[in-house]
Amino acid sequence: MRVLRKNRSFILIPAAPFHFDGTFHKPSHFPAGMDDWQPGVYWQTIRIRSKLIGLRIEDCGRRRSPKLKVTPKLKVTTFCNRRLDDSEIGRLRDELRWRFDLDADLRDFNRRAARDHRFGPVFRKWLGMRASNAYDLYGLLIVGVVLQNATVRRTVQMMKSLLEAFGTRLRFDGKELFAIWLPADLERVSERQLRAMRIGYRAKSIKRLSTDFADGKIDEHALRSMGKQDARDELMKLYGVGPETARIVMADAFHDYGAFDHIAPWQQKIYSRLFYNRAMVPAKRIRDDIRAQYGEYAMLAVGYIWEDIFWNRTTERIPWLEKEIRL
DNA sequence: CATCAGGGCCCTG
DNA sequence: CAGGGCCCTGAT
């Protein structure tokens, strides 16, 4: 375990409007052990070049009265025992701006959302929320793989055993969080060893993804600047990455607001209840209706509604939802 | 106890 | 393009 001392800090200004808690905390996501949150404060680990860094991100743009418009403002404090130079801080700024979509221009979406008859209140409540992802592409793909064909409990177990075996425990700012391993770190680990961590057939995907990343076959930055369809096609070529994992990456990491294509069966049940108040509606119909309603913002809009119901679930009992989530 | 279906994906035919 | 198999776990 490594204890990290406080290092440099800086300010980030997201594009307004910005919703801090909705952007940094997604109640629908499983706790992976690499980040933590409380209202107005968020912690995570990150790697910049070869340096492991702990981050605390604070909301400094809270409005004191609803009438008062305040510029959104984030204070980022780094924790790292080595010197962080200006170029590394610059890289860190760029990464955070990208991963949390801080420069998002949501004006068009917000105009449409404000006119929404049914979910207008939900969109208002979360005004300024981003679809975001704290990890690098490799990390998110690993998360995607452990999500496959597994319940939340099992996913958490798999991620935990992988992080305990290969990750690095960082202690900073009173938190203890894991940083994910490097793809090359798994070179010395056999598929057999991975299987011993009860991740099953996913071992093969993790091995192959790690090798591909370690060999530089995937350029995350190139993918980010590619057209959305091309990026999705590239992702789908990776072993172990199918329509659902690609959708997660496109929506959360690459901020493809329209990417409402694949609907997993358990999501279908929840959408059926949410949008039609029925047990089961054909996936094609859901997809067509949502696309007709929200167009190029279909995935973003669904993301708002999705997180809202999971958010409500933390304070209120939603029996039909509990049944579908299956912890 | 046994059987089976998952918060997918790959591979085969 | 449909469907079987895959690791494991919890439900029945």
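Naming: A, B, ... by sequence-line order, numbering from 1 per chain. Basis for what follows: all heavy atoms, side chains included, without hydrogens, waters or symmetry-related copies.
- Checked against side-chain hydrogen bond (donor to acceptor under 3.5 Å, both in side chains), A:Lys160 has the following partners two or more places apart in sequence or in another chain: A:Glu164.
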Show every donor-acceptor pair shorter than 3.5 Å between a side-chain atom in residues 30-37 of chain A and any protein atom, with sequence neighbours excluded, or say none if there are none.
| residue | atom | partner | partner atom | Å |
| --- | --- | --- | --- | --- |
| A:Asp35 | OD2 | A:Tyr42 | OH | 3.0 |
| A:Asp36 | OD2 | A:Lys175 | NZ | 2.9 |
| A:Trp37 | NE1 | A:Asp21 | OD1 | 3.1 |

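- Here the C1' atom of nucleotide B:dG8 and the CG atom of A:Leu238 are 15 Å apart, to the nearest Å.
- In terms of polar N and O atoms assigned as donor or acceptor, the side chain of A:Arg198 never comes within less than 3.5 Å of the base of C:dC7 in a complementary pairing.
- One interatomic measurement links the two molecules: OH of A:Tyr201 to C1' of B:dC9, which rounds to 7 Å at whole-angstrom precision.
- When the P atom of C:dC6 is taken as reference, atom CD of A:Glu191 falls 14 Å away, rounded to whole Å.
- One side chain, A:Asp101 or A:Tyr257, offers a donor N or O that lies under 3.5 Å from an acceptor on the other.
- With A:Leu170 as reference, A:Leu4 is the one residue of A:Ile53, A:Leu4, A:Val3, A:Leu177 to meet the side-chain contact (heavy atoms from CB on, under 4.5 Å) rule.
- Taking Ile, Leu, Val, Met, Phe, Trp and Tyr as hydrophobic and joining them when side-chain heavy atoms fall under 4.5 Å apart, one finds A:Leu127 isolated, its cluster having no other members.
- Between C:dG10 and B:dC9, the two P atoms lie 23 Å apart (nearest whole Å).
- Between the side chain of A:Arg195 and the base of C:dC6, no donor-acceptor pair under 3.5 Å is found.
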Which atoms of nucleotides 11-13 of chain B (N or O only) lie under 3.5 Å from a protein N or O atom, and what are those distances?
none

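- Between the side chain of A:Thr168 and the backbone N or O of A:Ala179, no donor-acceptor pair lies under 3.5 Å.
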In residues 71-80 of chain A, what donor-acceptor pairs under 3.5 Å come from side-chain atoms, sequence neighbours left out?
| residue | atom | partner | partner atom | Å |
| --- | --- | --- | --- | --- |
| A:Thr78 | OG1 | A:Arg8 | N | 3.1 |
| A:Thr78 | OG1 | A:Arg8 | O | 2.6 |

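- Between C:dG10 and A:Arg154, no contact under 4.0 Å exists linking OP1 or OP2 to a side-chain N or O.
- Residue contacts for A:Val145: at a heavy-atom cut-off of 4.0 Å it reaches no nucleic acid atom on any strand shown.
- We find that A:Lys228 and A:Asp256 are not joined by a salt bridge, their nearest charged nitrogen and carboxylate oxygen being 4.0 Å or further apart.
- With hydrogens and angles ignored, the 3.5 Å screen pairs no side-chain donor or acceptor of A:Glu187 with any backbone N or O of A:Ala184.
- Listed by first residue number, the stems of DNA chain C with at least three Watson-Crick or G-U pairs below 3.5 Å are B:2-6 with C:8-12, B:8-13 with C:1-6.
- Checked options A:Ile248, A:Ile218, A:Val241; the residue passing with A:Leu141 is A:Val241 (criterion: side-chain contact (heavy atoms from CB on, under 4.5 Å)).
- Atom CD of A:Gln157 is separated from atom P of C:dT9 by 6 Å (rounded to the nearest Å).
- For A:Met159 and C:dC8, the CE to P distance is 18 Å, given to the nearest whole Å.
- Taking the salt bridge (Lys or Arg N to Asp or Glu O under 4.0 Å) definition, one finds that A:Asp261 meets it with A:Arg232, sequence neighbours left out.
- Heavy atoms from other residues, nucleotides or ligands lying under 6.0 Å from CZ of A:Arg198 number 12 at most.
- A heavy-atom distance below 4.0 Å to DNA chain C is reached by none of the residues of residues 22-32 of chain A.
- Ring geometry for A:Phe100 versus A:Phe24: interplanar angle of 30 to 60°, hence tilted.
- In the region residues 244-257 of chain A, proximity to DNA chain B at under 4.0 angstrom, judged on heavy atoms, holds for A:Glu244, A:Thr245.
- Remark: A:Ala264, A:Trp266 in residues 258-267 of chain A come within less than 4.0 Å of DNA chain B through at least one heavy atom.
- Regarding A:Leu235, its CG atom lies at a distance of 11 Å from the P atom of B:dC9, rounded to whole Å.
- Computed from coordinates, the A:Leu147 CG to C:dC6 P distance equals 23 Å when rounded to whole Å.
- Within 4.0 Å (heavy atoms only), A:Ile270 reaches no atom of the nucleic acid at all.
- We find that CE of A:Met197 is positioned 14 Å from C1' of C:dC7, with the value rounded to whole Å.
- Pairs of residues two or more places apart, or lying in two chains, that qualify as ring pair (Phe, Tyr, Trp, His ring centres under 6.0 Å) and include a residue from residues 289-308 of chain A are A:Phe109-A:Tyr297, A:Phe109-A:Tyr304, A:Phe123-A:Tyr294, A:Phe123-A:Tyr304, A:Trp266-A:Trp306, A:Tyr271-A:Trp306, A:Trp306-A:Phe310.
- As a member of the Ile/Leu/Val/Met/Phe/Trp/Tyr network built from side-chain separations under 4.5 Å, A:Tyr201 groups with nothing else and remains a singleton.
- Judged by distance alone, the side chain of A:Arg97 and the main-chain N or O of A:Leu12 form no donor-acceptor pair under 3.5 Å.
- Comparing the same atom, P, in B:dA5 and in C:dG3 gives a spacing of 15 Å after rounding to whole Å.
- Checking side-chain atoms of A:Ser28 against main-chain N and O of A:Glu307 turns up no donor-acceptor pair under 3.5 Å.
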